[in-house]
Amino acid sequence: MESEIQNPIARFIAHQGFMLLDGGLATALEARGCDLKDDLWSAKVLLEAPDVIRQVHRDFLDAGADCIATVTYQATIPGFRERGLSESDSRELFPEAVRLAVEARDEFWSESGNRVGRLRPLVAASIGPYGAYLADGSEYTGDYDLGMGELYEFHRDRWLALAESEADLIACETIPSRSEARVLLRLLKETPGRWAWISFSCRDETHVSDGGDLADAARDCDAEQRVVGVGINCTSPDLVTSLIHEACEATDKPVLVYPNSGEGYDAAAKSWVGAARAIDWGRACRQWTQEGATGVGGCCRVSPEEIATMRQALVGQDGKA
């Protein structure tokens, strides 16, 4: 049996009682002038302005994030090949994306003032669902006609490229269905020594995006030792408390919640629509931890400033939880 202490997020739980995730990487890139209306979305910036990615990672670290996610959520080998890159050049972009995050983390950690009351932050290699590659919003519905064997073939090469990288763990994000989560769990089993979390997009208070029960999907994750936690992300903050309860009933693993701002996504226009919820992010994250969440943060439309608000809410004046 692998020791529980190998779980890369266990030290955060032991030291401060929570782990603070970052926010919307794409949102922060747009705030720095990047145009992401593209099928590659934030991964487009890997080809155009990698230094901006490194700076945005640093923004979230300065805000207090204990874990930053790479810009690979919507990066896929087929997507890069459709952009004209060779297969070998496409594969090289995955460790490059991880390197940008690692460099930002190591630079942050080299400054002694940043080590006061903090643990060395983690780098999570982000993997989005097949629906993210389609760039049609189907990561919020799970509505794509693909069997589990085909999903496995789609995810395998990217998974292996990131599993061989410098990342501390893998973050499977915005997964809309139990079946796609099972494919990712299979890949995790096939890469010994790697840890991952599985985070779901959800349609209501109890169901993942394709209509399946969150509790059933969480039980699948609970059965795999090297799953560090079960997450809910890019879901309305209004649903989070109920979803925490659903997840906690199904697993003893840490529950990670990082909702979006509550707006809707227009896949055709590749933009967020509607009004953001009026959220007190500090109060909300305290409530989520009281309800049972161990990891908190934000997803789309959640800025470094809001992550800073969360950290201030979760720690005392002396910087300790």
Side-chain angles (χ1 to χ4, degrees), residues 1-14 17-21 66-67 69 122 124-130 139 142 148 151-152 155 159 162-163 167-235 239-259 288-297 299:
M1 294 285 287
E2 295 172 77
S3 169
E4 178 65 19
I5 199 63
Q6 291 178 287
N7 178 331
I9 76 171
R11 59 193 175 95
F12 291 92
I13 300 169
F18 67 90
M19 184 173 73
L20 182 62
L21 308 177
D66 295 314
C67 182
L122 300 175
S126 175
I127 288 181
Y130 178 71
E139 62 260 60
M148 291 180 70
L151 281 172
Y152 174 85
H155 281 295
W159 179 283
L162 291 171
D168 297 298
L169 72 166
I170 295 172
C172 304
E173 306 186 283
T174 328
I175 306 304
S177 69
R178 184 182 183 188
S179 59
E180 190 161 13
R182 285 176 165 178
V183 167
L184 297 165
L185 290 169
R186 175 183 169 187
L187 287 163
L188 180 59
K189 287 178 181 290
E190 293 174 0
T191 47
R194 270 297 173 188
W195 296 82
W197 76 65
I198 310 288
S199 187
F200 297 91
S201 63
C202 295
R203 67 193 298 176
D204 58 31
E205 292 87 348
T206 60
H207 298 97
V208 298
S209 288
D210 77 338
D213 289 339
L214 173 64
D216 289 337
R219 289 187 191 99
D220 290 340
C221 297
D222 187 71
E224 171 52 53
Q225 184 177 356
R226 285 182 291 111
V227 171
V228 303
V230 177
I232 297 108
N233 81 288
C234 220
T235 295
L239 304 176
V240 166
T241 297
S242 176
L243 291 165
I244 291 170
H245 296 162
E246 290 293 308
C248 287
E249 286 291 322
T251 181
D252 292 327
K253 293 182 182 293
V255 172
L256 317 175
V257 294
Y258 48 119
W288 297 333
T289 57
Q290 291 165 2
E291 298 290 345
T294 300
V296 293
C299 200

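Fair warning: this is a prediction, and the values are worked out from it, not measured in the lab.
- Taking CG from L243 and CD from E291, the interatomic distance works out to 12.0 Å, rounded to the nearest 0.5 Å.
- Residue C221 holds its SG atom at 13.5 Å from CZ of R226, rounded to the nearest 0.5 Å.
- Distance check: I198 CD1 to L188 CG gives 7.0 Å after rounding to the nearest 0.5 Å.
- Inter-residue side-chain proximity for P254 and F12 is flagged as unmet; no heavy-atom pair is nearer than 4.5 Å.
- The shortest distance between side-chain heavy atoms of Y258 and V296 does not fall below 4.5 Å.
- The 12-atom threshold is exceeded at CD of E190, counting heavy atoms of other residues, nucleotides or ligands nearer than 6.0 Å.
- Residues R182 and L151 have side chains not in contact (no heavy-atom distance under 4.5 Å, counting atoms from C-beta outward).
- Looking at Y152 and E180, their side chains never bring a donor and an acceptor atom within 3.5 Å of each other.
- Between L162 and I127 the shortest side-chain heavy-atom distance falls below 4.5 Å.
- No donor-acceptor distance shorter than 3.5 angstrom exists from the side chain of K253 to the backbone of C248, with no hydrogens or angles considered.
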Audit row: L256, N233, side-chain contact (heavy atoms from CB on, under 4.5 Å) steps and yes/no: CA-CA 8 Å; L256 317 175; N233 81 288; over 6 Å; no
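- The two residues W159 and L187 have their closest heavy-atom pair at NE1-O, 3.6 Å.
- Between D222 and R219 there is no salt bridge, since no side-chain nitrogen of the basic residue lies less than 4.0 Å from a carboxylate oxygen of the acidic one.
- With hydrogens and angles ignored, the 3.5 Å screen pairs no side-chain donor or acceptor of T174 with any backbone N or O of G128.
- Note: D210 CG to F200 CZ = 10.0 Å, rounded to the nearest 0.5 Å.
- Heavy-atom minimum distance, R194 versus I170: CD-CD1, 4.5 Å.
- Across all their heavy atoms, R203 and G211 have their closest contact at NH1-CA, 3.1 Å.
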Is there a side-chain contact (heavy atoms from CB on, under 4.5 Å) between T294 and V255? Walk through the geometry before answering. CA-CA 5 Å; T294 300; V255 172; 5.8 Å; no
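- With no hydrogens or angles considered, a side-chain donor-acceptor pair links E173 and S126 at under 3.5 Å.
- Under the 4.5 Å side-chain criterion, counting only non-hydrogen atoms from C-beta, H207 is not in contact with L214.
- Residue K189 holds its NZ atom at 11.0 Å from OG1 of T191, rounded to the nearest 0.5 Å.
- Annotation for V208 and S177: closest pair CG2-CA, 4.2 Å, computed over non-hydrogen atoms.
- The shortest side-chain heavy-atom distance between V257 and I244 falls under the 4.5 Å cut-off.
- Between C172 and W197, the closest side-chain pair of non-hydrogen atoms is not below 4.5 Å.
- The heavy-atom pair separating M148 from S179 by the smallest distance is CE-O, 3.6 Å.
- Nearest heavy atoms, G297 versus L20: CA-CD1, 4.5 Å.
- Side-chain contact between Q6 and W195: present, with at least one pair of heavy atoms (C-beta onward) separated by less than 4.5 Å.
- A donor-acceptor pair is defined here as one N or O able to donate and one able to accept, closer than 3.5 Å; such a pair exists between the side chain of S199 and the backbone of I232.
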side-chain contact (heavy atoms from CB on, under 4.5 Å), that's the test. Do V183 and L185 meet it? Break it down for me. CA-CA 5 Å; V183 167; L185 290 169; over 6 Å; no
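- Expressed to the nearest 0.5 Å, how far CD1 of I9 lies from CD1 of I13 amounts to 4.5 Å.
- Side-chain atoms of S209 and S201 include a donor-acceptor pair closer than 3.5 Å.
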